[in-house]
Amino acid sequence: MWCHQRQIPENLQRVRLHRYCRLCQPEYRRIKTKSRNLQHPTSVPPDEIIDDTSIDCVLNLTIPAAHAQISIAALNAGKHVYSEKPFVTDLADGEEILALAKAKGLYVGNAPDTFLGGRLQTCKKLVDQGVIGTPTGVMAFVPTRGVERHHPNPDFYYQNGGGPLLDLGPYYLTAMVALLGPITRVCGLAKKTLDERLIESKPRAGEKIPVNVDTHINALLEFESGVQGSLMASFDVWDSQTPRMEIYGENGTLCINDPDPTDGFNIFGGQVLYKTRETARWVYRPRTPNLEFWSVVENTHGFNQEARGLGLLDLAYAVKNRRPARASGELAQHVCEVMFGILESAKSGQFVEIKSRCESPSALPEDFPSSENGA
């Protein structure tokens, strides 16, 4: 979120989605400098944006604890909303937002939108075409050491609405649901490793901050399709060589093997590797040489660069052409219920049933946004 306050408006300006930009957050004066390079920029308190009748959609980049308040206020003012992740910090708020949007005929969208990038759309194409056969399993590893080494104000990452699951989990769980469909039940283990974290970045280097969330989480996931999955998300890992995600099918495997945990499904581009039964190294005795190498999938999709705001762009065309938005509020609410279910399971020691369902978003056309009527 820290860097997205600059990237999203700049990216949207490149595609001329808006004529000007007004930026806000509860302490709006802190981000005045972020608007200086934008066309016709202003930096104002949230209420001014909510009340501005010339604005059709509010981009909500506030801290997690304020997401619901700002989104509800915007909807009550007759505006569409696109919010930063997580969608909400309380499922009841998410239900209220979706019901309010439906009653008013408004759209609600939510980050992450990295699943619309070239890499994950390539994965979707392979899964949908049956290259690896019917999917059977998925696993994701998101090991990091937290944010206090680089973020100037990391406090909220360790308070309600933060932690590795709610901060990084949406990238991976959203991708899983987009590729494999909704999740029906979960179980989890979670722990808080440290009571305090030491800020190492300027200007607050040396200051300690309290930790009030779990910082190492492991989860099992059951999908409506029958796919079984696992997820590890952590702020307690110094380094790792695990792949970010693998999807297993009856006839092959897809692999996202980025060594850097801040890449993976946190970015829009990157390689997609795969193996099929013909190239799998474990099916031959004695082992056939050179099968340790993976095939690289040709990526024919766009948006392989830093494309924050792609979900909002899609939402704008969805409003214009009266079609479902891909990075929808329903998808985000489902992912939130999954994450909250994992944390609930960690406390209760029981599986948690996931009540909500959502449609897997349709594939993003390779020529988007030219594919949109009147684009």
Side-chain angles (χ1 to χ4, degrees), residues 112 114-117 119-143 165 168-190 217-233 242-258 264-266 270 272-277 279-280 282-283 294-295 297 326-328 330-346 350-364:
T114 46
F115 75 94
L116 298 174
R119 167 185 265 179
L120 276 168
Q121 288 301 302
T122 298
C123 288
K124 182 171 179 60
K125 182 178 180 179
L126 265 66
V127 171
D128 291 350
Q129 290 180 346
V131 171
I132 62 169
T134 301
T136 58
V138 61
M139 72 90 204
F141 289 97
V142 200
L165 185 60
L168 298 170
Y171 293 107
Y172 290 81
L173 291 167
T174 300
M176 288 182 184
V177 174
L179 295 171
L180 303 170
I183 294 168
T184 57
R185 66 172 182 158
V186 300
C187 75
L189 293 172
I217 295 97
N218 284 280
L220 294 178
L221 315 166
E222 184 175 76
F223 291 75
E224 192 171 55
S225 63
V227 171
Q228 296 180 354
S230 62
L231 168 71
M232 186 274 273
T242 58
R244 300 286 70 77
M245 180 181 280
E246 292 184 339
I247 300 175
Y248 310 115
E250 292 179 354
N251 296 317
T253 298
L254 289 182
C255 178
I256 304 296
N257 71 330
D258 294 341
F265 288 174
N266 190 35
V272 176
L273 307 179
Y274 77 102
K275 277 180 175 283
T276 62
R277 61 184 303 149
T279 58
W282 294 340
V283 296
W294 292 66
S295 300
V297 184
R326 292 179 172 88
S328 68
E330 289 77 11
L331 172 59
Q333 175 77 350
H334 180 68
V335 168
C336 276
E337 186 181 356
V338 169
M339 295 188 296
F340 298 155
I342 292 168
L343 296 175
E344 179 185 339
S345 170
Q350 304 292 322
F351 272 91
V352 172
E353 301 289 330
I354 304 301
K355 298 177 181 178
S356 66
R357 296 292 184 272
C358 65
E359 297 292 329
S360 293
S362 61
L364 191 73

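Computed from a predicted model, the values in this text were never measured in an experiment.
Here the side chains of L179 and Q121 are not in contact, with every heavy-atom distance at 4.5 Å or above.
Atom-to-atom distance recorded for I247:CD1 and L180:CG is 5.0 Å, nearest 0.5 angstrom. Taking CD from Q228 and CG from L221, the interatomic distance works out to 10.0 Å, rounded to the nearest 0.5 Å. Atom CD1 of I342 is separated from atom CG of L165 by 5.0 Å, given to the nearest 0.5 angstrom.
For S356 and E337, the side-chain atoms include at least one donor-acceptor pair closer than 3.5 Å.
The backbone N or O of Q350 sits less than 3.5 Å from a side-chain atom of S345, completing a donor-acceptor pair. A donor-acceptor pair under 3.5 Å links the side-chain atoms of R326 to the main chain of A363, judged by distance alone. Judged by distance alone, with hydrogens and angles left aside, the side-chain atoms of T276 form no donor-acceptor pair with the main-chain N or O of G252 at under 3.5 Å. R244 contributes a side-chain N or O that, together with a main-chain N or O of T242, makes up a donor-acceptor pair within less than 3.5 Å.
Residues A175 and L120 approach most closely at CB-CD1, 3.8 Å, considering heavy atoms. The minimum heavy-atom distance between C123 and I256, with the atom names listed, is SG-CD1, 4.0 Å.
Remark: of the listed residues E222, E344, E224, E222 is the sole one forming a salt bridge (Lys or Arg N to Asp or Glu O under 4.0 Å) with R185.
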